[in-house]
Amino acid sequence: MADAHTPVLVVDDLRTHFELPIGMVKAVDGVSFELERGKTLGVVGESGSGKTVLSRTIMGLNIASNARTSGSVVYDGRELVGLTPGEMRQLWGTEMAMVFQDPMTSLNPVVKVGRQLTEHMRAHLGTSKQEAKASAIELLRSVRIPEPEERFNNFPHEMSGGMRQRVCIAVALACGPKVLFADEPTTALDVTVQHQILNLLAQQQRERYMTMILVTHDLGVVAGRADEIMVMYAGKAVEKASTSTLFSAMRHPYTEALFRSIPKTGNPKHTRLTAIAGRPPDLIHPPPGCKFAPRCPYAQERCREEEPELQAAPEPGHSFACHYPVGSEAGKAAYEANLAAGVPQTLAAAGQVQATEDLSVVAAAAEEVV
Amino acid sequence: MAGTGTEHLRQGGDVLLQVEDLTVEFPVGRGRVVHAVSGISFDIAEGETLGLVGESGCGKSTTGRAILQLPRPTGGSVRLAETDLTTLPDAEMRAKRTDVQMIFQDPISSLNPRRTIGEIVAEPLKVWGPHDADEQWKIVADMLEHVGIDPDVARYKRPHEFSGGQCQRISIARALVVQPQVIICDEPVSALDVSVQAQILNLLEDLKKEYGLTLVFIAHDLAVVKNISDRVAVMYLGKMCEISESDELHANPAHPYTALLLGSIPVPDPTVAVEDEVALEGDLPSPISPPSGCRFRTRCPRAEERCAAEEPTLRRINDDHYVACHFPLIDVADN
């Protein structure tokens, strides 16, 4: 067993491409990261940024015949890329497990919750029926399902969305995995239930000393929960940092744009939100140069020609891929040049918000844009 | 969680929509009834945005649909300007629906996948005119332009060729072609990414200004609702907990439930510790047999005996802030 500071999961230059008749979709295109035991990595990006495909690739769940995976995933000293589904199966449940986005569809509707919980305990761990039932009830209790003995005999439709997601978490935890993937575990749920589920995941992670990968599109969700954050755009990691560094010194314009698009409760009503203009790029024919350039308020000629590589920031463990990073002289100059050249108004609004911290001025500026 | 009071209703000429003591019940067999909405009252002034917030199952969508008489409410009244919609004959109600339009939660499934965008957006016009196809297209194209969709590109495309955010823009265009006064937005951004959500919220604000719309904005996320609304009404299990001007609601939540909702919003700042304490435990009780007294008492950290015995009514706290709670978090002014 590795000690605490050896990474439990090392992903190096992982690529997953899907071959389609109309071209190659580069869903994950060269992602690398390391994750220590007991840590949480937040993977953040819009729909189509490749975050879900990334976690499914690491888990070996991309069984589509047109998927092409290259690169390396080393888990606990063992290479996972290239393992057969049969070999991966040995790892599922006991070593790594996943909680999926939609609790309504990820449980089998015609099988009682109890059997869905005990099935893999019996298969993987060889537990007897009675023992499996006892530990399943214990699990249901630990994910805070009231009256677990009765709930054991329920069908999924007899439970609310939040309860089903708790069951999904219990299913994922049943065989004591060391790495837990949570793929947008709360996107389908209410804000209050989201809060409960995220607390539950954090608590289980602490108790079991699990490594967790939390995939989400909402920077707010990972802010208080992740140790490190990786921001993905068009299949690539565009910024990686520890959570505190990322929020205090974000460098990539995309990270900044994601952050700004969150409605903040502290803002006065009718505060204009800073939306990200446009939409994620076509992954079959991505734009040349930086993939974010067409939507970026900082973009210059160079961005449209030359793709930036991940480069180290002064802070330890912080890297980003941008020619004109946020907060730098070059970035500021690029932004002002764009503003002078009359960039689209949505981008201009972003700048006015950035130029001042005074909310009343921001609100006034937003009014003018309208 | 009473909300049976009407003290918060405003008297005045600019109230466009007034909902009084609205009750919606659905029979579920064996004589049992789901109390989806139990005596909700609120009003909306012209050009105002009212946010309706609450968890799934609190009756907020049912309230939105009941305004449109879909289905007709079990009791209470809905007045649009001078007209009482609840007593309006069906045929007249149908015509009236051009004044009150709706935008739904799931942008993709609310558009017919087999129709082209041109047909989808023109459909309301086919019913209510003008009946000339060229004239219809002129209106549709203009509306698509306003919501940020290129009309010439979109005209012959179908919904699957668009992203979720674009489909929501198309839904908005469809709602607007008949020039409604009121739009009921039923969780219009819940299914969208944060970045797209911001685009749609900005679009709604722009259109509201441009066309002088009055909005009812239904959502479960108080951060979103707070941003777009002038007034926010918090609902719980078919009752109203609190109604207030939105900045005031955020600054001084008076109802324990509002405070819990606010505490559940993820804060995009790692220096703010995630509070375990505020987590709301458990699920919503069954609306078939709601708890006696205050309906929130089973999950309320401040509940006492009185809450089980007596249902609180909405009381004024200050200017435009009303709460239905026996033990509010801030003192209720004597009146």
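Lettering of chains follows the sequences in order, A, B, ..., and the numbering in each one begins at 1.
- By number of non-hydrogen pairs under 4.5 angstrom with chain A, the leading residue of B:Pro266, B:Ala223, B:Gly57 is B:Pro266.
- Heavy-atom distances place both the backbone and the side chain of B:Ser195 under 4.5 Å from chain A.
- With hydrogens and angles ignored, the 3.5 Å screen pairs a side-chain donor or acceptor of B:His250 with a backbone N or O of A:Thr265.
- Looking at B:Lys208 and A:His270, their side chains come closer than 4.5 Å, going by heavy atoms from C-beta outward.
- Proximity to chain B (any heavy atom under 4.5 Å) is shown, for A:Leu198, by neither the backbone nor the side chain.
- Proximity to chain B (any heavy atom under 4.5 Å) is shown, for A:Gln203, by neither the backbone nor the side chain.
- Counting only heavy atoms from C-beta outward, the side chains of A:Pro263 and B:Gln197 approach each other to under 4.5 Å.
- Annotation: side chain of B:Pro268 is in contact with side chain of A:Lys264 (closest heavy-atom distance under 4.5 Å).
- The shortest non-hydrogen separation linking B:Val194 to A:Ile262 is CG1-CG1, 3.8 Å.
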Test log, rule side chain to side chain contact (heavy atoms under 4.5 Å, CB included), inputs B:Asp206 and A:Arg272: CA-CA 10 Å; B:Asp206 292 347; A:Arg272 197 167 178 81; 2.9 Å; yes

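- For the pair B:Asn202 (side chain) and A:Leu273 (backbone), a donor-acceptor distance under 3.5 Å is present.
- Nearest heavy-atom pair, A:Gly45 versus B:Asp193, reported as atom, atom and distance to 0.1 Å: O-OD2, 4.5 Å.
- Checked by atom type and distance alone, the side chain of B:Lys226 pairs as donor or acceptor with a backbone atom of A:Asn267 at under 3.5 Å.
- Between B:Pro270 and A:Thr243 the shortest heavy-atom distance is CB-CG2, 3.7 Å.
- Partner A:Lys269 forms a side-chain contact (heavy atoms from CB on, under 4.5 Å) with one of B:Asp230, B:Asn227, B:Val232, B:Thr49 and no other, that one being B:Asp230.
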